[in-house]
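First listed ligand is number 1; within each ligand, the first listed atom is number 1. Note that these values count all heavy atoms, side chains included, but never hydrogens, waters or copies made by symmetry.
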Amino acid sequence: MSLLAAAGRIVDRIKINTITRHVRDGKAVWTKRRRSAALAVVPIANGFFRLAGNPVTILDEVSAWHEWEIASMRALHGGEFSAWSGEQGVLHIDELPGKSISAHLDADTATAAMFAAAAREFRRAHTIECEWFEGGWSHGDPHSGNVIFDATEGRARLLDFEVRHDAALCADARHVDDLLVFLQDTLGRLPQERWVRFASAFVHSYDRPEVTVRLLDRLTTPRGVARIWWAVRTTYLAPREVASRLRALREALAT
Ligand SMILES: Nc1ncnc2c1ncn2[C@@H]1O[C@H](COP(=O)(O)OP(=O)(O)O)[C@@H](O)[C@H]1O
Ligand SMILES: [Mg+2]
């Protein structure tokens, strides 16, 4: 394995936070705190992202990270769920109801309806004006573990706002990138036929042709260092298999 591939693997594996769930006055709240290892890992990860052409930054400074989580919770879930800073760098976040799509993939209970609900939420979130970007908000790291599906309401919600897109990117490019992250993460975790069906439901439910037309261009494995990040993001599925699935999705979307 090359040194860069090893770096990609490390960046993906090392947990930078400690997360715990508490129930206070009958209300569930999650607390999140940076582990001391994050101090060393975050700059390495950000350096790797620059090399791999991944247009995001992990917010390194605790105050900047908290600010972005709180602002994003307010923008996306304001009035319903919020986040606030506690003592010693702890962030508290109201519990979002449901279970992550990643957990559903692991339990083999994921459905096309969940993928469609995720896409509707991506679309809604992307149309929220964001001061920082001076344009539509974007997530930066919306893999399926950061998408919580609420079966009661049949809707999805996003969480985990500590990675931010580079502001130099235009809104459409950031939005395409978000769609791609979700597709990359799910690509290797379902049988091909089912993934293509669920992924098509995802793209159709997102329903912004001006964005999805750009997505088609990105549904191919890149060359160079960016390829290593693709391997990480597609859970090390054999490159030939990745290419075959992307081709199948492009064909499904073209019809
Ligand atoms: N507010 C919350 N509501 C529901 N689940 C949560 C909440 N916060 C964290 N979790 C659970 O913990 C997992 C990890 O939290 P996350 O904020 O994504 O941290 P990390 O940066 O480590 O990925 C999530 O995938 C989710 O399952
Ligand atoms: Mg997460």
Side-chain angles (χ1 to χ4, degrees), residues 9-46 48-49 54 56-86 89-107 109-110 114-115 117-118 121-122 125 138-153 155-165 177-178 180-186 189 232-233 235:
R9 212 178 262 254
I10 290 165
V11 163
D12 187 51
R13 288 280 168 81
I14 295 186
K15 287 272 159 233
I16 62 172
N17 298 307
T18 309
I19 298 174
T20 45
R21 181 181 185 269
H22 303 271
V23 180
R24 266 191 227 141
D25 307 324
K27 200 173 99 167
V29 174
W30 290 68
T31 64
K32 200 166 161 179
R33 155 198 342 234
R34 285 271 156 98
R35 298 174 51 185
S36 44
L39 229 56
V41 176
V42 171
I44 294 170
N46 284 332
F48 177 80
F49 292 157
N54 186 22
V56 299
T57 306
I58 302 175
L59 297 169
D60 199 359
E61 232 181 87
V62 170
S63 60
W65 158 49
H66 279 205
E67 239 175 74
W68 185 242
E69 290 251 20
I70 293 167
S72 296
M73 282 296 287
R74 190 177 301 133
L76 268 63
H77 313 305
E80 239 190 326
F81 308 101
S82 51
W84 62 98
S85 294
V90 170
L91 182 77
H92 302 280
I93 313 142
D94 283 332
E95 179 164 83
L96 302 182
K99 205 161 107 170
S100 78
I101 293 191
S102 179
H104 278 289
L105 287 166
D106 287 342
T109 50
M114 291 177 194
F115 276 53
E121 183 64 2
F122 276 54
S138 59
H139 189 289
D141 188 28
H143 59 76
S144 64
N146 290 336
V147 185
I148 308 290
F149 179 71
D150 177 355
T152 313
E153 291 188 38
R155 64 163 292 185
R157 292 183 183 88
L158 297 168
L159 53 64
D160 193 3
F161 313 108
E162 64 189 318
V163 169
R164 186 164 60 194
H165 272 127
D177 197 63
D178 272 355
L180 188 65
V181 167
F182 184 83
L183 291 174
Q184 285 173 323
D185 174 49
T186 54
R189 301 173 64 187
V232 174
R233 271 296 152 98
T235 45

task: For His92, check ring-ring contact (aromatic ring centres under 6.0 Å, His included) against everything at least two apart and list the hits.
output: Trp84
task: Take Arg233 and Asp141, measure what salt bridge (Lys or Arg N to Asp or Glu O under 4.0 Å) needs, and give me the verdict at the end.
output: CA-CA 11 Å; Arg233 271 296 152 98; Asp141 188 28; 2.6 Å; yes
message: Are His139 and Phe161 an aromatic pair, judged by ring center distance below 6.0 Å?
response: yes
- prompt: CD of Glu121 to CG of Asp150: how many Å apart, nearest 0.5 Å?
  reply: 10.5 Å
- request: Answer yes or no: does atom CZ of Arg33 have more than 12 heavy-atom neighbours from other residues, nucleotides or ligands under 6.0 Å?
  value: no
- request: Under the ring-ring contact (aromatic ring centres under 6.0 Å, His included) rule, collect the residues that match up with Phe81, sequence neighbours excluded.
  value: none
message: Using side-chain heavy atoms (C-beta onward) and a distance below 4.5 Å, is Asp160 in contact with Glu69?
response: yes
message: Please check if the number of heavy atoms outside Ile19 that lie under 6.0 Å from its CD1 is greater than 12.
response: yes
Quick one: table the atom pairs, ligand 1 N or O against protein N or O, below 3.5 Å, distance rounded to 0.1 Å.
residue, atom, partner, partner atom, Å
ligand 1, 1 (N), Asp94, O, 2.8
ligand 1, 3 (N), Leu96, N, 2.8
ligand 1, 17 (O), Lys32, NZ, 2.9
ligand 1, 18 (O), Asn146, OD1, 2.9
ligand 1, 18 (O), Asp160, OD2, 2.9
ligand 1, 21 (O), Asn17, ND2, 3.3
ligand 1, 21 (O), Asp160, OD1, 3.3
ligand 1, 21 (O), Asp160, OD2, 3.0
ligand 1, 21 (O), Glu162, OE2, 2.6
ligand 1, 23 (O), Asp160, OD2, 2.9
ligand 1, 25 (O), Gly145, O, 2.8

message: At a cut-off of 2.8 Å, what protein N/O/S atoms sit near the Mg ion (ligand 2)?
response: Asn146 OD1, Asp160 OD2
- request: Output, in order, the C-alpha distance, side-chain angles, deciding distance and verdict of salt bridge (Lys or Arg N to Asp or Glu O under 4.0 Å) for Glu162 and Arg34.
  value: CA-CA 11 Å; Glu162 64 189 318; Arg34 285 271 156 98; 2.7 Å; yes
